[in-house]
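Following: one structure in structure tokens, then a few remarks.
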Amino acid sequence: MQGFFITFEGGEGAGKSTQIARLSEHLRAAGNDVLVTREPGGTPGAEAARHVILSGAAESLGPAMEAILFAAARNDHVEQVIRPALQSGCIVLCDRYIDSSRVYQGVTGNLNPQLMRGIERAAINGLMPDLTIILDLPAETGLQRANARRGADTADRFEKETLELHVKRREAYLAIAKAEPTRCKVVAADRPIDEIASEIAALVDAARAANSAEEFRAVEVTK
Ligand code: TYD
């Protein structure tokens, strides 16, 4: 049995959790086993790293240390949760994954690309997403939404940053999508929820159909 690994990416306030919930309903209604998870987090070890990073406690240690903490959390999550779920045939929906590190630590954290590639390789050990949905939104709209959602709660380490950084992150996500157009699909997130959900469901159904066709061809060739 072979699962399917879908990651969701985008800036703050892009609506990732709402769309993940909608997609999981769509996939479950069609009879699939679905696992919903998020990064940083998903295992006790990764949740501990999440607390250290998002509280801001690691900020003074510098971006390289933060990037390695994210990677440690990711590796635990991959090996304990994501890979076993895929091996048992689940569709895994993950809120943020490697592209968050590429964008937040690599681009806006100004880390050396070679270091970032090395950390990524160690973190995921070959487990690339089959499909990545990038929810794209003007940075101002995302910030307004995130602020409204947060209400009186205090902002986390990354939410406190400036509009300029959010603009850079949006551009970095779009650059990844351009470089990896088969894996990454950009979805405009500044639209009604139902419209976005239908577009994502169609993209996922098409990607899964293409994947099955490819697996079928691979089996035919080896026969
Ligand atoms: P979270 O509260 O989960 O935010 P969101 O709802 O926006 O996903 O906080 C995760 C924060 O951590 C978010 O600001 C992005 C950041 N992050 C990184 O900087 N690098 C990473 O590799 C990951 C997974 C998240």
Side-chain angles (χ1 to χ4, degrees), residues 5-23 36-43 45-78 81-82 92-111 113 115-124 127-129 132-151 153-170 172-173 176 184 189:
F5 183 25
I6 306 171
T7 60
F8 277 73
E9 296 281 357
E12 271 91 47
K16 290 191 287 7
S17 17
T18 306
Q19 291 302 331
I20 288 173
R22 293 292 295 264
L23 179 63
V36 173
T37 187
R38 68 158 182 194
E39 292 211 339
T43 63
E47 290 292 338
R50 176 186 177 89
H51 177 73
V52 173
I53 301 164
L54 296 189
S55 67
E59 192 177 358
S60 62
L61 306 176
M65 185 71 186
E66 268 186 339
I68 291 168
L69 282 171
F70 274 116
R74 177 160 304 132
N75 183 255
D76 199 43
H77 189 211
V78 163
V81 174
I82 301 177
V92 176
L93 309 184
C94 188
D95 189 341
R96 298 193 180 281
Y97 193 58
I98 48 170
D99 302 299
S100 285
S101 285
R102 290 181 181 183
V103 167
Y104 284 69
Q105 281 68 54
V107 176
T108 52
N110 278 319
L111 286 179
L115 171 74
M116 288 305 299
R117 278 195 294 273
I119 296 176
E120 178 178 303
R121 207 173 314 121
I124 68 172
L127 196 73
M128 282 298 283
T132 296
I133 301 290
I134 297 175
L135 289 174
D136 179 54
L137 199 63
E140 295 85 350
T141 318
L143 269 181
Q144 276 162 10
R145 284 196 197 170
N147 287 337
R149 177 181 64 186
R150 196 163 57 236
D153 290 349
T154 47
D156 76 30
R157 150 92 179 80
F158 293 95
E159 287 166 342
K160 279 190 209 139
E161 293 171 329
T162 62
L163 180 62
E164 192 194 339
L165 274 181
H166 288 260
V167 170
K168 263 198 189 162
R169 285 182 190 141
R170 181 186 190 196
Y173 272 124
I176 292 174
C184 301

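Order of appearance sets the numbers: ligands from 1, and atoms from 1 within every ligand. The analysis underlying the following values was restricted to heavy atoms, covering all of them including side chains, and did not include hydrogens, waters or symmetry mates.
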Hey, does the side chain of [X] reach the backbone of [Y] with a donor-acceptor pair shorter than 3.5 angstrom?
X: Arg96; Y: Glu39; answer: no
X: Glu9; Y: Ser100; answer: yes
X: Thr108; Y: Val103; answer: yes
X: Asn75; Y: Ala71; answer: no
X: Glu66; Y: Ile53; answer: no

Can you pull out the closest protein heavy atom to [atom]? Residue, atom name and distance to 0.1 Å, please.
atom: atom 4 (O) of ligand 1; result: Arg96 NE, 4.2 Å
atom: atom 16 (C) of ligand 1; result: Phe158 CD1, 3.8 Å
atom: atom 25 (C) of ligand 1; result: Phe70 CE2, 3.5 Å
atom: atom 20 (N) of ligand 1; result: Gln105 OE1, 2.8 Å
atom: atom 22 (O) of ligand 1; result: Ser101 OG, 2.6 Å
atom: atom 9 (O) of ligand 1; result: Leu54 CD1, 3.6 Å

Glu66 and ligand 1 - part of the residue with a heavy-atom distance under 4.0 Å: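 Near ligand 1, Glu66 shows nothing, with every heavy atom at 4.0 Å or more.
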
Is it the side chain, the backbone, both or neither of Ile98 that has a heavy atom closer than 4.0 Å to ligand 1?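 Neither; no heavy atom under 4.0 Å.
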
I need the atoms of ligand 1 closer than 4.0 Å to a non-hydrogen atom of [X], numbered in the order shown.
X: Arg74; result: 21 (C), 22 (O), 24 (C)
X: Glu39; result: 24 (C)
X: Tyr104; result: 14 (O), 15 (C), 18 (C), 19 (O)

Can you tell me if Arg50 has a non-hydrogen atom under 4.0 Å from ligand 1?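 It does, in that a heavy atom of Arg50 comes within the 4.0 Å cut-off of ligand 1.
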
Any Arg38 heavy atom less than 4.0 Å from ligand 1: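 No; Arg38 lies far enough from ligand 1 that no heavy-atom distance drops under 4.0 Å.
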
Is the shortest N/O to N/O distance between Glu12 and ligand 1 below 3.5 Å?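 Indeed, backbone or side chain, Glu12 has an N or O that close.
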
For ligand 1, find out whether one of its N or O atoms is nearer than 3.5 Å to an N or O atom of Tyr97.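 No; the residue has no nitrogen or oxygen that sits under 3.5 Å from a nitrogen or oxygen of the ligand.
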
Separation between NE2 of His77 and CD1 of Ile82, rounded to the nearest 0.5 Å: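 Those atoms lie 4.0 Å apart.
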
Please report the interatomic distance CG(Asn110) to NZ(Lys168), rounded to the nearest 0.5 Å. 6.0 Å

To check you understand the geometry: which heavy-atom pair defines the closest contact between Lys16 and Gly11, and what is its length? NZ-O, 4.4 Å

Does Phe70 have its ring centroid less than 6.0 Å away from the ring centroid of Tyr104? no

Check side chain to side chain contact (heavy atoms under 4.5 Å, CB included) between Arg102 and all other residues, then give those that pass, not counting sequence neighbours.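 Here the qualifying residues are Ile98, Asp99, Glu120, Met128, Ile176, Glu180, Arg183.
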
